[in-house]
Number of protein chains: 2
Amino acid sequence: MTTATGTPGTKDRILDAAEKLFADEGFTATSLRAITTEAGVNLAAVNYHFGSKDRLIEAVFERRLAPLNHERISLLDALEGSDENPSLEGILEAFVGPPLRLHRDTDRGGPTFMRLLGRTLTEPSQAIHEIFVRQFAEIAARFTPALERALPVLPPDEVFWRMHFAIGSMAHTMCDTFRLKLLSAGRCDAGEDIDATIRRLVSFIAAGLRAPVPVDTPGVET
Amino acid sequence: MTTATGTPGTKDRILDAAEKLFADEGFTATSLRAITTEAGVNLAAVNYHFGSKDRLIEAVFERRLAPLNHERISLLDALEGSDENPSLEGILEAFVGPPLRLHRDTDRGGPTFMRLLGRTLTEPSQAIHEIFVRQFAEIAARFTPALERALPVLPPDEVFWRMHFAIGSMAHTMCDTFRLKLLSAGRCDAGEDIDATIRRLVSFIAAGLRAPVPVDTPGVET
DNA sequence: GTCTATATCCTGATAGAC
DNA sequence: GTCTATCAGGATATAGAC
C-alpha cells in the first residue's frame, strides 16, 4: 500500500525492488537478501509480508497484470462501442498497446515490468504459470471473437496459430531493449519512440494475420 | 567426444545432461550436482573438463550453434546458386528452418536444445551474450543483403525492425511447446508436424515483412 | 511490524589420494 | 581421469526479543 504522502510502505518497496531485480537477473538468480537490501528493509520482512519467495513472485505479477488486462478490455470495449466492425489494427493495438506503453511510465518502474513481462511470457516460471493462464483466459475470451470477426476468411485454428506468432513478436519487443539497437548499430531503438514501435509492431502482425491461407494446410478445406 | 561405439564420453554426457536441465529449469536454477547426477558422472568432472559452470554453459551452445548457423548459410548459398533472385519465403525458410527442424532430431536431444535456444534468444544470459552476438554477426552479414534484395521497396532500417519481430515469433515458437496447445484446447500443436509449423511461421513473417511502409514512419521519405 | 540471530541446507569450487 | 572429502559462502526460512 502506498501512503497518501507518496512514500511507499515496506510492502511496495519490496515489490518494487523485486520487480527490478527479477527483470535484470531472473527469478532464481535474485536472492531475498538482494531484494531487501535494494528496498532498504529488513531481510525478515519478505517472509512476514509475503510468506515465501514464490508468493512474492506471484504478488509482483498480481499487482500489475490485472490493471493491464482491464485496460486491454476497456480499449476493446471502446472500440466495439464506436464501431461494430472495428479494424484488425484497432484490435491489435488494444492488445499490444497497454503492455508496450508501460515503457513510458518511468516513474513507477513501467519499463522494468515491461521487460520482466516480456521475458516471462516466453519463459514461464512454474510459480506464475497459473496466474498467466487464468488472466489470459479472460483476455482470450474477449479478443478471440473480435479477431475472428475481423478475419472472416481465416479458419479459427489459424487465428490461434497466428496470434501465437504475434505474441512472440510482442514479447521479444518488450524484453529486448538493447539487442535490436546493438545489431542495427544504433539505427533502431524500440524504446526511443514507443508509439512508433507500437505502430510498426501492429502493422507487422496485422499483415501476418492477413497472410493468405496456405492451400496445403492440414485440416483446412480449400 | 562420442566414441565410435556410440557411447558418449564423460564430456558429452555432461553436455547432454546440462542441455536438458538448462532447458527445463534455466541456468541458475540448475546446479552442477543435478547435472552430474543426471549424467551419471562425478561432481568434480565438470570443473575438470570445463573449468567452471559459466564455461560449461558456453560449451553447451558452442557445440550446437556453429553447425546450426552453417546449415543456414549453406541453405542460403544453395538458394542463391540456383536462382539469383530467391524468394522471400525461401530466404526465411533458410533462416527459421534449421532451428525448428531440431525438433525432429529426438535421438540427439534436438527438441531440448530447440527449447533452450528459444528461451535464450529472448532472455540472453550474460555468460553467452558474446557467443550470440559473434555467431549472429556472421548470419546477419549473409541474410541482411539477401533480405534487402528480396524487399527492394523496404528501407534498410525497416528490415531490421521487422526481422526483430520475426525473430520473436520464431523464438516463441521454439520455446513454447505446450502453451499454444493448452490455450487452443489441443487444436494447435507446433511439435506435431514441424514442417507445417515452419510453413505457417514463414508465411506469417513473410507477410509481416511485406507489410506496407506506414507513411508517418520517422526517417522515411515518401 | 521490525529487528537480530540463527537453523538448515545447498551452492560452486578445489585439494589431494588413487 | 576419476574419486572422496571438504571449504567457504550464500540460500530460504524461522524463532523470539522489542
Side-chain angles (χ1 to χ4, degrees), chain A residues 1-63 116 125-129, chain B residues 1-63 116 120 125-129 131:
Chain A
M1 178 81 83
T2 302
T3 68
T5 65
T7 308
T10 300
K11 228 171 150 171
D12 269 305
R13 299 242 298 285
I14 292 170
L15 287 170
D16 290 341
E19 189 172 273
K20 177 181 189 308
L21 292 169
F22 287 155
D24 287 341
E25 317 284 345
F27 299 114
T28 34
T30 301
S31 68
L32 297 185
R33 277 174 175 78
I35 292 168
T36 52
T37 301
E38 169 88 17
V41 304
N42 188 272
L43 171 61
V46 170
N47 275 282
Y48 177 79
H49 285 285
F50 299 97
S52 70
K53 186 182 182 180
D54 274 355
R55 299 243 297 278
L56 169 61
I57 294 176
E58 289 175 28
V60 165
F61 283 94
E62 292 281 6
R63 180 173 67 149
L116 178 58
S125 155
Q126 202 56 36
I128 54 161
H129 181 213
Chain B
M1 180 81 83
T2 301
T3 67
T5 65
T7 308
T10 299
K11 228 172 151 172
D12 269 305
R13 298 240 299 284
I14 292 170
L15 287 171
D16 290 341
E19 189 172 273
K20 177 181 189 310
L21 292 169
F22 288 154
D24 288 340
E25 316 284 345
F27 300 114
T28 35
T30 301
S31 68
L32 296 185
R33 278 171 176 79
I35 293 168
T36 51
T37 301
E38 169 88 17
V41 304
N42 189 270
L43 171 61
V46 170
N47 275 284
Y48 176 79
H49 285 285
F50 299 97
S52 72
K53 187 182 182 180
D54 275 355
R55 299 241 296 279
L56 169 61
I57 295 176
E58 289 174 29
V60 165
F61 283 93
E62 292 281 7
R63 179 174 67 149
L116 177 59
T120 311
S125 156
Q126 202 56 36
I128 54 159
H129 182 211
I131 302 178

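Protein chains get the first letters and strands the later ones, always in sequence-line order, with residue 1 at the start of each. Worth saying up front: this structure is predicted, and the values here are computed from it rather than measured.
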Next item on the list: Spell out yes or no: do the side chain of R33(B) and the base of dG12(C) have one donor N/O and one acceptor N/O closer than 3.5 Å?
Entry: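 Answer is yes: a donor-acceptor pair is held.
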
With a non-hydrogen cut-off below 4.0 angstrom, is [X] in contact with a base, only sugar-phosphate, or nothing?
X      : answer
T36(B) : nothing
T30(A) : sugar-phosphate
A44(A) : base

Checklist line | Which nucleotide in dT2(C), dA13(D), dA13(C) has an atom nearest any side-chain atom of Y48(A) | finding: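 Closest nucleotide to the Y48(A) side chain: dT2(C).
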
Expressed in angstrom and rounded to an integer, what is the separation of [X] atom [atom1] from [N] atom [atom2]?
X      : N       : atom1 : atom2 : result
R13(B) : dT2(D)  : CZ    : P     : 9 Å
I35(A) : dT12(D) : CD1   : C1'   : 11 Å
L32(B) : dT6(D)  : CG    : P     : 20 Å
H49(A) : dA13(D) : NE2   : P     : 16 Å
N47(A) : dA13(D) : CG    : P     : 5 Å
I14(B) : dG12(C) : CD1   : C1'   : 14 Å
L43(B) : dT14(C) : CG    : P     : 12 Å
L56(B) : dA13(C) : CG    : P     : 10 Å

Phosphate oxygens OP1/OP2 of [N]: is one of them under 4.0 Å from a side-chain N or O of [X]?
X      : N       : value
S31(A) : dA11(D) : yes
N42(B) : dG1(D)  : no
T10(B) : dT2(D)  : yes

Next item on the list: Please report the C-alpha distance between F27(A) and T28(B) in whole Å, then the side-chain angles of each, then the deciding distance to 0.1 Å, and finally whether the side-chain contact (heavy atoms from CB on, under 4.5 Å) criterion is met.
Entry: CA-CA 9 Å; F27(A) 299 114; T28(B) 35; over 6 Å; no

Margin query: Within the structure provided, determine whether I128(A) and V60(A) are in side-chain contact (heavy-atom separation under 4.5 Å).
Written below: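 A side-chain contact under 4.5 Å is absent here.
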
Roughly how far, to the nearest 0.5 Å, is the [atom2] atom of [Y] from the [atom1] atom of [X]?
X       : Y       : atom1 : atom2 : answer
K11(B)  : L56(B)  : NZ    : CG    : 10.5 Å
H129(B) : T120(B) : NE2   : OG1   : 12.5 Å
N47(B)  : L32(B)  : CG    : CG    : 6.5 Å

